[in-house]
Amino acid sequence: MDDIAQEVFIKAYQGLPQFRFDSSFYTWLYRITINRCRDEIRRKKVRRIFSLQALLDAGDPEALFGTTVHPAEPDVSHFI
(Lines give C-alpha, C1' and ligand atoms only; values in the text may rest on other atoms or scores of the structure.)
Protein backbone atom coordinates (compact mmCIF):
# COMPACT_ATOMS: atom_id res chain seq x y z
CA MET A 1 0.00 0.00 0.00
CA ASP A 2 2.82 2.40 0.87
CA ASP A 3 4.52 1.52 -2.42
CA ILE A 4 1.41 2.49 -4.38
CA ALA A 5 1.10 5.81 -2.54
CA GLN A 6 4.74 6.56 -3.26
CA GLU A 7 4.33 5.66 -6.93
CA VAL A 8 1.27 7.91 -7.18
CA PHE A 9 3.17 10.90 -5.84
CA ILE A 10 6.12 10.21 -8.13
CA LYS A 11 3.76 10.04 -11.14
CA ALA A 12 2.05 13.24 -10.03
CA TYR A 13 5.36 15.04 -9.58
CA GLN A 14 6.59 13.89 -12.98
CA GLY A 15 3.26 14.85 -14.57
CA LEU A 16 3.03 18.35 -13.10
CA PRO A 17 4.28 20.01 -16.32
CA GLN A 18 1.37 18.38 -18.21
CA PHE A 19 -1.28 19.47 -15.68
CA ARG A 20 -3.58 21.83 -17.64
CA PHE A 21 -5.73 23.25 -14.83
CA ASP A 22 -8.87 22.09 -16.69
CA SER A 23 -9.89 20.35 -13.48
CA SER A 24 -8.98 20.73 -9.86
CA PHE A 25 -5.65 19.42 -8.63
CA TYR A 26 -7.54 17.04 -6.33
CA THR A 27 -9.43 15.49 -9.27
CA TRP A 28 -6.22 15.10 -11.26
CA LEU A 29 -4.40 13.44 -8.34
CA TYR A 30 -7.45 11.27 -7.62
CA ARG A 31 -7.47 9.93 -11.20
CA ILE A 32 -3.77 9.09 -11.02
CA THR A 33 -4.45 7.20 -7.78
CA ILE A 34 -7.45 5.30 -9.16
CA ASN A 35 -5.57 4.32 -12.30
CA ARG A 36 -2.58 3.08 -10.30
CA CYS A 37 -4.83 1.03 -8.00
CA ARG A 38 -6.57 -0.53 -11.00
CA ASP A 39 -3.20 -1.45 -12.46
CA GLU A 40 -2.27 -3.17 -9.21
CA ILE A 41 -5.55 -5.10 -9.10
CA ARG A 42 -5.02 -6.27 -12.69
CA ARG A 43 -1.47 -7.32 -11.89
CA LYS A 44 -2.61 -9.35 -8.89
CA LYS A 45 -5.36 -11.06 -10.92
CA VAL A 46 -2.86 -12.12 -13.55
CA ARG A 47 -0.50 -13.46 -10.89
CA ARG A 48 -3.38 -15.37 -9.27
CA ILE A 49 -4.38 -16.90 -12.60
CA PHE A 50 -0.85 -18.10 -13.24
CA SER A 51 -0.64 -19.54 -9.74
CA LEU A 52 -3.88 -21.46 -10.32
CA GLN A 53 -2.57 -22.66 -13.67
CA ALA A 54 0.59 -23.99 -11.99
CA LEU A 55 -1.54 -26.00 -9.55
CA LEU A 56 -3.70 -27.33 -12.35
CA ASP A 57 -0.65 -28.30 -14.36
CA ALA A 58 0.71 -30.19 -11.35
CA GLY A 59 -2.30 -32.50 -11.65
CA ASP A 60 -2.79 -32.80 -7.88
CA PRO A 61 -6.42 -31.99 -6.99
CA GLU A 62 -5.65 -32.28 -3.28
CA ALA A 63 -3.12 -29.47 -3.56
CA LEU A 64 -5.66 -27.42 -5.48
CA PHE A 65 -8.64 -27.84 -3.18
CA GLY A 66 -7.04 -29.00 0.06
CA THR A 67 -9.21 -32.10 0.17
CA THR A 68 -9.45 -35.51 -1.41
CA VAL A 69 -11.52 -35.68 -4.56
CA HIS A 70 -13.56 -38.85 -5.08
CA PRO A 71 -15.56 -39.40 -8.23
CA ALA A 72 -19.10 -40.32 -7.26
CA GLU A 73 -22.59 -40.37 -8.62
CA PRO A 74 -24.04 -36.86 -8.58
CA ASP A 75 -26.73 -36.25 -5.98
CA VAL A 76 -29.74 -35.20 -8.02
CA SER A 77 -32.32 -35.79 -5.29
CA HIS A 78 -32.71 -32.06 -4.71
CA PHE A 79 -33.81 -31.63 -8.36
CA ILE A 80 -36.75 -34.05 -8.02
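Annotation: side chain of L16 is in contact with side chain of W28 (closest heavy-atom distance under 4.5 Å).
Both F19 and Y13 are assigned to one and the same hydrophobic cluster, defined by single-linkage of ILVMFWY side chains at heavy-atom distances under 4.5 Å.
No side-chain donor-acceptor contact under 3.5 Å links T27 to the backbone of S23.
Between Y30 and Y26, the ring planes are parallel. Angles under 30° get that label, and only those over 60° would be called perpendicular.
Residue F9 places its CZ atom among 12 or fewer non-hydrogen atoms of other residues, nucleotides or ligands, all under 6.0 Å distant.
Take R38 and apply the side-chain hydrogen bond (donor to acceptor under 3.5 Å, both in side chains) test, not counting sequence neighbours, and it matches no residue.
Evaluation of the salt bridge (Lys or Arg N to Asp or Glu O under 4.0 Å) test over residues 5-16, restricted to residues two or more places apart or in two chains, returns E7-R36.
Between L29 and A12 the shortest heavy-atom distance is CD1-CB, 3.7 Å.
In this structure, the separation between CD1 on I34 and CG on D39 is 11.5 Å, given to the nearest 0.5 Å.
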